[in-house]
Amino acid sequence: MLDLGGRRRVRPGGPAQPGAPADPGRGRRRGGFRGFGLLSADLLAAMRAHGGFDGVRALFEENGITHVELEDVPAWWSDDGPERETADAVRDLLLAAAPALGARHIKVTPDGTGAPCDPVRWAARFGDLAARAADSGVRLGIEFFPWSSIATLADGLRLVEAAGHDNAGVIIDVWHTERGGTPVADLAAVPVERIVGVELNDADRAVVGTLFEDTVHRRRYCGDGDFDLTGAIASLRRAGWRGPWGVEILSDEHRALDVATACRRAFDTADAVLTAAAG
């Protein structure tokens, strides 16, 4: 994800921020990216601005976007009541959007409040969502957060296995694996069929503030921080991952840049690290 602040958001993934890109794609074309992600709220705004699914898809095609990610079914694990009604409505929107936009996957996130989860109920709900996603021709991935109920890669993989559906997998964001204490070497052992997406970024060694504050305000461009990115990339390649590689930058520094400069810098720094990791 490239988080550009305000009402401009360009992304392959990450935490929610209000607003939607007025023109999803044009800044990305100058930046070199061929992928684009939309939160559910952003999708609705883009549909209003560009004439529904057909207008958004035409904009992607015009700008060479070939990898599309959709994200955010709030409280997908809930059972009933207003939360369930909202979750179902957003779920149905994304499932309709997936084939219309040619999306490659839908990403969901865990409960970030710190509340415990019911493993049986969560597995059933995640499995049901994975089956529905399969019917729409798109994969489902869970992105784990170190401050959430699904805190680590191991937690994410346990949920996926318990869900019991081949269409389910994990989204591996290197910020979350680093901050969650997953050794870089462990990434090589992840079954490649369970990897739905990968997101690259960097950060300083020390966490400043809460984990949430650190991830939203202080991420760095690839290669500008202390993460072992080349090691992580090499391990994921050993696991069999062949991309696409997402870039998720959340920082005050990044938001202060104009869209074209932000996209270009995010692309160039990630490309340099990917090249270095290839030897």
Side-chain angles (χ1 to χ4, degrees), residues 1-4 10-15 31-33 35 37 69 107 109-110 112 141-148 150-157 170-190 192 194-257 262-279:
M1 175 226 308
L2 303 179
D3 180 349
L4 303 173
V10 183
R11 58 165 297 147
F33 289 98
E69 175 190 84
K107 179 170 73 172
T109 56
I142 179 78
E143 180 178 17
F144 46 91
F145 298 158
W147 64 88
S148 77
I150 307 294
T152 66
L153 173 60
D155 291 339
L157 289 171
V170 293
I171 305 287
I172 297 177
D173 179 334
V174 296
W175 196 96
H176 300 314
T177 56
E178 287 276 347
R179 295 304 198 213
T182 299
V184 164
D186 287 4
L187 299 177
V190 180
V192 70
R194 290 306 195 187
I195 304 176
V196 173
V198 173
E199 297 170 354
L200 304 177
N201 45 74
D202 214 330
D204 295 332
R205 190 175 308 280
V207 174
V208 176
T210 65
L211 285 167
F212 180 78
E213 290 168 344
D214 193 62
T215 200
V216 168
H217 296 292
R218 296 181 58 83
R219 293 193 183 201
R220 294 197 178 275
Y221 293 106
C222 296
D224 288 356
D226 295 316
F227 288 174
D228 181 10
L229 282 183
T230 56
I233 292 165
S235 286
L236 287 164
R237 284 176 170 155
R238 283 196 295 275
W241 180 250
R242 296 296 179 264
W245 301 91
V247 180
E248 184 173 74
I249 305 296
L250 295 165
S251 75
D252 296 336
E253 173 193 10
H254 185 67
R255 295 183 190 101
L257 300 177
C263 287
R264 186 78 252 174
R265 186 170 177 188
F267 181 89
D268 287 347
T269 52
D271 187 53
V273 172
L274 285 164
T275 300

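Numbers here are sequence positions counted from 1. Only a predicted model underlies this, so the values are computations on that prediction, with no experimental measurement involved.
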Run the side-chain donor-acceptor check on residues 265-279: report pairs under 3.5 Å with partners two or more places apart or on a different chain.
| unit_1 | atom_1 | unit_2 | atom_2 | d |
| --- | --- | --- | --- | --- |
| Arg265 | NH1 | Glu253 | OE2 | 3.1 |
| Arg265 | NH2 | Glu253 | OE2 | 3.4 |
| Asp268 | OD1 | Arg264 | NE | 3.1 |
| Asp268 | OD1 | Arg264 | NH2 | 2.9 |
| Asp268 | OD2 | Arg264 | NE | 3.3 |
| Thr269 | OG1 | Arg265 | O | 2.8 |
| Thr269 | OG1 | Ala266 | O | 3.2 |
| Thr275 | OG1 | Asp271 | O | 2.8 |

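Within the 4.5 Å cutoff, the side chain of Ile233 has no heavy atoms near those of the Val174 side chain. No side-chain heavy atom of Arg179 sits less than 4.5 Å from a side-chain heavy atom of Thr215. Two residues are said to be in side-chain contact when any heavy atoms from C-beta on lie closer than 4.5 Å; Ile150 and Glu143 fail this criterion. Side-chain contact between Thr210 and Trp147: absent, with no pair of heavy atoms (C-beta onward) separated by less than 4.5 Å. Looking at heavy atoms from C-beta onward, Val247 lies in side-chain contact with Phe33 at the 4.5 angstrom threshold. Within the 4.5 Å cutoff, side-chain heavy atoms of Trp175 are placed close to those of Asp214. The shortest side-chain heavy-atom distance between Trp241 and Leu187 does not fall under the 4.5 Å cut-off.
For Phe144, there are no ring pair (Phe, Tyr, Trp, His ring centres under 6.0 Å) partners two or more places apart in sequence or in a different chain. Thr152 is linked by a side chain to side chain donor-acceptor pair (under 3.5 Å) to Asp155, counting only residues two or more places apart in sequence or in another chain.
When each of Asn201, Asp202, Asp204 is checked for a side chain to side chain donor-acceptor pair (under 3.5 Å) with Arg220, only Asp204 meets the rule.
A donor-acceptor pair is defined here as one N or O able to donate and one able to accept, closer than 3.5 Å; such a pair exists between the side chain of Arg242 and the backbone of Arg237. One N or O on the side chain of Ser235 and one on the backbone of Val184 form a donor-acceptor pair closer than 3.5 Å.
For the atom pair CG of Leu257 and OG of Ser251, the computed distance is 8.0 Å after rounding to the nearest 0.5 Å. In this structure, Tyr221 OH and Leu200 CG are separated by 14.5 Å, a value rounded to the nearest 0.5 Å. Note that the CH2 atom of Trp245 and the CD atom of Glu199 stand 12.0 Å from one another [nearest 0.5 Å]. Atom-to-atom distance recorded for Arg255:CZ and His217:NE2 is 6.5 Å, nearest 0.5 angstrom.
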key: Intermediate values then yes/no, side chain to side chain contact (heavy atoms under 4.5 Å, CB included), Val208 and Glu213   = CA-CA 7 Å; Val208 176; Glu213 290 168 344; over 6 Å; no
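Residues Arg219 and Asp173 are paired through a salt bridge, judged by an N-O separation under 4.0 Å between the basic side chain and the carboxylate.
Heavy atoms only, all atoms of each residue included: Ile195 and Ala239 are closest at CD1-CB, 4.5 Å.
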